[in-house]
Amino acid sequence: MAIIVNLDVMMAKRKMSLGELSQRVDVTMANLSILKNNKAKAVRFSTLEAICAALDCQPGDILEYVPDELGKEET
């Protein structure tokens, strides 16, 4: 996967639980968990905006681009 979601890192920096973030952004814990565990295929800008507001951060603090070549093990 070329886009890595560092939501757990920002939540830890802000000392915020998944439940608290869920309440603040009005997104279910299940959907936030999918995003946090890099299982999401997409994220709405409105959701990203709400997460950034709740965590007082920028989208780049949460999303990271990693080229596929760096993520694959060489054989």
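Between atom CE of residue M16 and atom CG of residue D8 there is a gap of 14.0 Å, rounded to the nearest 0.5 Å. Atom CG of L7 is separated from atom CG of L18 by 7.5 Å, given to the nearest 0.5 angstrom. M29 contributes atom CE, which lies 8.5 Å from atom NZ of K36 (distance to the nearest 0.5 angstrom). Remark: M10 CE to L21 CG distance equals 10.5 Å, nearest 0.5 Å.
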Side chains of residues 55-67: which donor-acceptor pairs under 3.5 Å do they make with residues two or more places apart or in other chains?
| residue | atom | partner | partner atom | Å |
| --- | --- | --- | --- | --- |
| D61 | OD2 | Q58 | N | 2.8 |
| E64 | OE1 | N6 | ND2 | 3.0 |

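Within the 4.5 Å cutoff, the side chain of L35 has heavy atoms near those of the I51 side chain.
Between V25 and A50, the closest heavy-atom pair is CG1-O, 3.3 Å.
Following chains of ILVMFWY side-chain contacts shorter than 4.5 Å, one can reach V43 starting from V5, so the two form part of one hydrophobic cluster. Side-chain heavy atoms closer than 4.5 Å link hydrophobic residues (I, L, V, M, F, W, Y) into clusters, and following such links, even through other members, never connects M11 to I34.
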*asked:* side chain to side chain contact (heavy atoms under 4.5 Å, CB included) for I4 and N38? Distances and angles first, verdict last.
replied: CA-CA 6 Å; I4 304 297; N38 286 301; 4.1 Å; yes
